[in-house]
Amino acid sequence: MSNQPMQNHHEGVYMSLMRGLKELDLRGQSVPSDLVLTGDHAFPLAMNSKGQVPMAASLYGSGRVVVLGHESYLWTLPALVENALIWLRGDGSDNLSVGIHQNVMSVAENLSKSSFQAKVVGAFSDNLGVGVYVTDAYSVGEHKKDLVAFMKAGGGVLIAGQAWSWAASYPKENTLLLFEGNKVSGVAGIYFSDHQAEAEYLPVYPKIPSSWMAVVNGKDFEDDLEFLLKGVSEFDIQEGALLSEVLVHGPLAFPIGTTANGNAFLAGSYYGQGRVILISHEGILSREPLTQFWSNAVHWLDEGRNGVIGVSQDQALGILSKSGLKCEKTNFRKDLSVFVCTAYSGDHMEDIQNFVAEGGGLLIGGHAWYWAQTHCGQNVLTEFVGNKILTKMGLSLLGATIGGGVYKAPIPSQAVKDTYHFRHLLHRFAGHVNTGTDLTKHEEECLKKLGTDCSTYLTMKAHDCSFYAQLLSALTDIIMRVGMPQVSDTCPVKNSKDHLLLNVGTELYKVHPNPDALLPYLIKDNPLMPVIYNHRIQISVNTTSWEWISTGLYLAPGMKTYIAIPADMVNKGWKIQIGCQTDRLNHGELKRAPSVHEQFPITTEMMQVYNLWGGLLYLVAPAKAQVQGQIIVQMAVPAPYYKFGATTAAEWSLLRNAPSPWAELEFENIILTVQSNVVRGLDRPDELAALWNEMMRAIADLAAKPHKFPRKERYVADVQISHGWMHAGYPVMIHSTVAGELVSVDHIRNVGIWGLIHELGHNQQRGCWEFPPNTTECTCNLWSVYVHEEVLGMDRAKAHPNMTLANRNCRAAEFAKEGRQLGKWHMWVALETYMQLQDKFGWDAFKKVFAAYHTMSDFPNDNKGKMNLYAETFSRTVELNLTGFFKSWGWPITPATEEKLSNLPSWSDHPMV
C-alpha cells in the first residue's frame, strides 16, 4: 500500500494484439469452444456476455501462444491474425518466416500483402527455421513435443479450433488432457474445453475483458475423485499431527480431503498437461492407513505410463512402493513419470513446473504454518518456497492449521455440488449480488469462509495473473453494488454475508489500483478534519526490545500522507504503524472490522502511507535501535497527546480538544490510549501522571527491577478485543467501557483498579517461577494486592471481594478437606498459598526471592522441578525450612529438596497445619 500495485504486463500485450480493432464479429456458422485459462500467464483476448472466452493468449518458457476457439477465425479475422503474428514473433526478432499447416493454408493467402513470408507445410519440424507456427487444433499430431519445445525456446504458436465436437465423439475421455490441441496450448495454461461458447458480436475493450461470470471450474472432477477414492472411505490422519489448510483456488484444482467445515488438507489439480496432488504435511505420505489412497494417487499422476516414480524422501518410499509402480529414491530428474517431494525445497523449482506442464505428475507434501509463525510479516502465499511451486498450479498452503484425526472421504457424485470450492462459491455469490439468484443454506453458511479466502488470496497482489485480475474486478463490482457494512458498537456485523463484505472490503482497499475511488463505498461517513502540515517530530530512541513510538498524530480513514525519514532508519527493521488496535478479531458478532491497523516496513527516506480505517500514527522501533533525528509528516490530524515532563498545562488545555477521535497520555513508564472523549474533561493530567508513576514504580519494586522500565507498558481501549475482558501483552487490551477508570484519580484511589493491574502483573510473570496452568491467573494478582495496599492504601479485602478473610479461610479449608490435590490448586486457591507467605514474611521476602531469580540460570523446564526450586529459594530467603508448608499445599516436594533444607529450622506452625 505504500506503493501502487505493479502495472499488469499483460495489459500492454492485450493492447498490441487488439491494435486497430474496434469489434470482433464472431456471429456466423462457427460455434467456438469456451477456453479454460489457468496459471499466471494466460489471459482472455475476448469475453462474451456469459463470461465465456473464445480467444486467449499466454506465455510458456521464452515463447508465446495465441489460441482461438474456432479455426475459422484464422481467415475471418485477418487483422487480428496479423497482430497476433507480430506479437508471437517476439520483441526484437527479425525472423519474418511463418510456418503454416496445410489445413489452414488460407492464412497464407491473407498474408500475401503483409511483410511476413508464409511457408505452407504438411507438419511441424525442428528445421523449418520459422519464428511463428500456425496450425489448427486437430493437426498437432506426433510433433506436439517438438512444438512445445519450439515454443519453450522462444517460438510463437497460433493455434485455433474447437473441442466440443471431439468431446461428443469421445464422451468418456478427458478432453483437457487428450484433445490434440490441448497437448500444445494446455502446457501454457489455455485449454479447449468441451463447452460451446456463445458466438456474439463483441466490442474490443480498452483493457483485458473481465466478468464475474467467467469460467469457474474447467471440469467437474467427478471422474478424478472416483479414481482417487476407490476403496477409500476415510482419511486417517495421525492424531496429534498438525497440517496446514490448503487454499484451492485454480479453475482446474479441486479439494480431495476436507474437514467437516470445508477446510482442505488434501487437494489435486491439473497443470498444463500434467497433474498434481498436495498433502499438507509430508509425514502423511508414509501413513500406513492411507496406503490405498497413495496407490490410487500415484496411478492417477502416472496416467497409465507405468513410468518411474521418483521419491525424494526415504519414509514415503515403502508405502508408495506398494502401488505396484516402480519407485526409486532420487532427486528430481526429467525422465521420471511422477516426482514425490516435500514443499520445503526450492531446488529445481522451474524444472518441476515445466515437468508437470509438459505431462509429468507431482506428489508434494508439506505444511506452511511453522514457516508463517517464524516469518512474521512475510506473505506465506508469495514467499513460502512450496507456494512458489504450487500457487501457479492453483493450490496454496496457508498459515492456518488443521489438526490430525479421522476425516470422511467425499462421495464423488455429491462432492461436486457439496464440497466448498472457493471459485465456485465466489461465482455463486457474485450471481446472488448481481442477478438476485438464491444461495443454498450450505452456501450461505460458507460465506464467512469465502470472505477469509478472498482476503487471503488478495494479499498475493498478483496483478499480472488473469484470475487475480478477474477476482479483483468481481469483488470491486460486488462492493460498489452493495457497499460494505458500516460496522460499529451500535451496528454489529452478525451474518455471514456481512462478514464476507467487511473482510473483503478491507483487503480490497489495500490492493486496489485506485483505492480512492473505492473509499466512499467502504466508509460512508468520513467527515473532513482540520489538519496540520509538515509537522516535525524529534526522535530520540535507545530501545532494548521493539516498541511503538507515539507521534501525537492521527490519520483519518483513507487519508494519505508522506513521511520523510532519516536515512539511518531505512531498511533497519523500523516500521510505520497506523492504528492502535492491533487485536485481530475472530468473533461471530463483530463491533469493528477484524483487523484495523496497518504496518509498513520503512524502505525509503520518503514513505507514503494510509489505512482504510485511519488511526493514530506510530513509528515501530526494532530492538537495540539507537537513533537521534527527526521525521516530517506532510499532513495529519493533531491528537490529544499529553507527555509527562514535556506538555505544559497551557498546552494541554488546547490539546485535549484536538480533533482526533483517539488520545494518548504518556507517563514515566506507561502510555494510556483511549477514545478522545474520555480525556476531553481531564483538567489535571499532572495529578494522574503522578499517581501512575507511583503505581508503576511499585510494580517495578515488587519485581525487584529498576524503576525505569526498559519499554513503557501500554494500555489500549477498544470497542471489542480478541479474548477475555482484558488481556495482557504489548499493548494490554481493555474494553472501551472501562477506559474512564484508567484516567480517573478518584476512581483509582476510592474504588481501585484490580483487573487493570492484574494484566500488568501478567506482563511481570516469568516462566522460571510460574507453574502453568495452575498459577497463570494467580501470581499476576500479587501485583494487584501490592499496588492497592502499598500505593493506594486500600485493604486487600476492599480491593477484591475474593480477598476477604472469610473467603480466603474458606478456600484453604475446602482445599485441605478435599485432599490437598495439586489438580485443584489454581487461581484463587493458589493465590492463598502466596498470601499466607506474605502474611508471615511480608512483601520484602517476595522482592528478595524475585531478585534471587534474576541472578540464576539453567532453570528446570517442568513444574515439579520449578516448584522445588521455588520452595528452596523462598526457604533460603527467609532462613526457614518451608517444605512442610508447601507439601501441605499439595506441592510435589522431593526428598532431595528436603535434604538440602534440613539444616534450616522448620516453619512448624504454618496456617495449613
Side-chain angles (χ1 to χ4, degrees), residues 433 444-445 447-448 451-452 455 478-509 518-530 554-559 578-598 610-616 637 639-640 656-664 672-682 715-727 731-744 747 755-756:
V433 169
E444 280 187 349
E445 286 164 359
L447 288 181
K448 186 179 173 188
T452 308
S455 300
I478 289 168
I479 291 292
M480 286 184 159
R481 196 175 280 265
V482 294
M484 188 172 78
Q486 302 300 290
V487 63
S488 71
D489 195 5
T490 51
C491 184
V493 156
K494 297 177 187 173
N495 68 49
S496 50
K497 178 178 172 179
D498 283 347
H499 266 277
L500 179 151
L501 293 168
L502 186 58
N503 213 331
V504 162
T506 305
E507 209 53 54
L508 196 58
Y509 180 76
L518 207 56
L519 189 61
Y521 299 93
L522 302 174
I523 307 274
K524 297 279 196 287
D525 180 25
N526 195 7
L528 279 173
M529 290 186 182
Y554 169 84
L555 294 180
M559 179 178 174
I578 306 170
C580 56
Q581 307 137 280
T582 50
D583 257 6
R584 190 168 189 94
L585 307 181
N586 187 22
H587 302 303
E589 179 173 315
L590 291 170
K591 296 180 179 180
R592 67 155 170 86
S595 175
V596 290
H597 78 290
E598 200 56 60
Y610 55 101
N611 178 16
L612 172 62
W613 303 103
L616 288 172
V637 177
R656 68 178 174 178
N657 293 310
S660 154
W662 287 91
E664 286 198 319
L672 316 178
T673 308
V674 295
Q675 285 82 353
S676 295
N677 57 6
V678 176
V679 301
R680 301 266 191 234
L682 180 64
Y715 282 107
V716 171
D718 197 355
V719 66
Q720 191 173 20
I721 67 176
S722 59
H723 56 276
W725 177 235
M726 303 175 181
H727 70 75
V732 174
M733 294 299 301
I734 66 170
H735 278 87
S736 307
T737 46
V738 292
E741 298 173 15
L742 277 178
V743 301
S744 164
H747 182 95
L756 291 162

Which atoms form the tightest heavy-atom contact between K448 and S496, and what is the distance? N-CB, 3.8 Å

What distance separates T452 OG1 from E507 CD, expressed to the nearest 0.5 Å? 10.5 Å

Drop me the distance from Y610's OH to E598's CD, to the nearest 0.5 angstrom. 9.0 Å

Side chain to side chain contact (heavy atoms under 4.5 Å, CB included) between W613 and I523: does it pass, once the steps are laid out? CA-CA 8 Å; W613 303 103; I523 307 274; 3.8 Å; yes

N503 side-chain N/O to P594 backbone N/O, donor-acceptor pair under 3.5 Å: no

As an exercise, state the distance from CG of L522 to CG of L508, rounded to the nearest 0.5 Å. 7.0 Å

Looking at S676 and S660, would you say the former's side chain and the latter's main chain have a donor-acceptor pair under 3.5 Å? yes

I'd like to know if the side chain of R680 and the backbone of R656 have a donor-acceptor N/O pair within less than 3.5 Å. yes

Without swapping roles, check the side chain of E664 against the backbone of A639 for a donor-acceptor pair under 3.5 Å. no

Side-chain contact, heavy-atom cut-off 4.5 Å: T582 with P731? yes

Is S722 close to H727 at the side-chain level, that is, under 4.5 Å between some pair of heavy atoms? yes

Hey, what do you get for CE (M726) to CD1 (I721), rounding to the nearest 0.5 Å? 8.0 Å

Is there a side-chain contact between I478 and L501, using heavy atoms and a 4.5 Å cut-off? yes

Would a distance-only check, ignoring hydrogens and angles, find a side-chain to backbone donor-acceptor pair under 3.5 Å from Q675 to S736? no

Heavy-atom closest contact (R592 atom, V487 atom, distance): N-CG2, 3.6 Å

Nearest-0.5 Å distance that lies between atom CD in Q581 and atom CE in M733: 6.5 Å

Non-hydrogen atoms of Y715 and L756 that approach each other most closely: OH-O, 2.6 Å

Report yes or no: does Q720 contribute a side-chain atom to a donor-acceptor pair with the main-chain N or O of D718 at less than 3.5 Å? no

Go through L612 and L519 one step at a time and tell me if the side chain to side chain contact (heavy atoms under 4.5 Å, CB included) criterion holds. CA-CA 8 Å; L612 172 62; L519 189 61; 3.6 Å; yes

Shortest non-hydrogen contact between A593 and L502, atoms and distance: CA-CD2, 3.8 Å

Of all the heavy-atom pairs spanning P520 and K524, show the shortest one and how long it is. O-CD, 3.8 Å

Taking all non-hydrogen atoms of both residues into account, name the closest pair between N526 and P557 and its distance. ND2-O, 3.0 Å

Spell out, as yes or no, whether a donor-acceptor pair under 3.5 Å connects the side chain of T673 to the backbone of V716. no

I734 vs L742 side-chain heavy atoms within contact, under 4.5 Å: yes

Apply side chain to side chain contact (heavy atoms under 4.5 Å, CB included) to residues N611 and L555 and explain how you reach the verdict. CA-CA 8 Å; N611 178 16; L555 294 180; over 6 Å; no

Taking the side chain from H499 and the backbone from L447, do they hold a donor-acceptor pair closer than 3.5 Å? no

Euclidean distance, Y509 OH relative to L518 CG, rounded to 0.5 Å: 8.5 Å

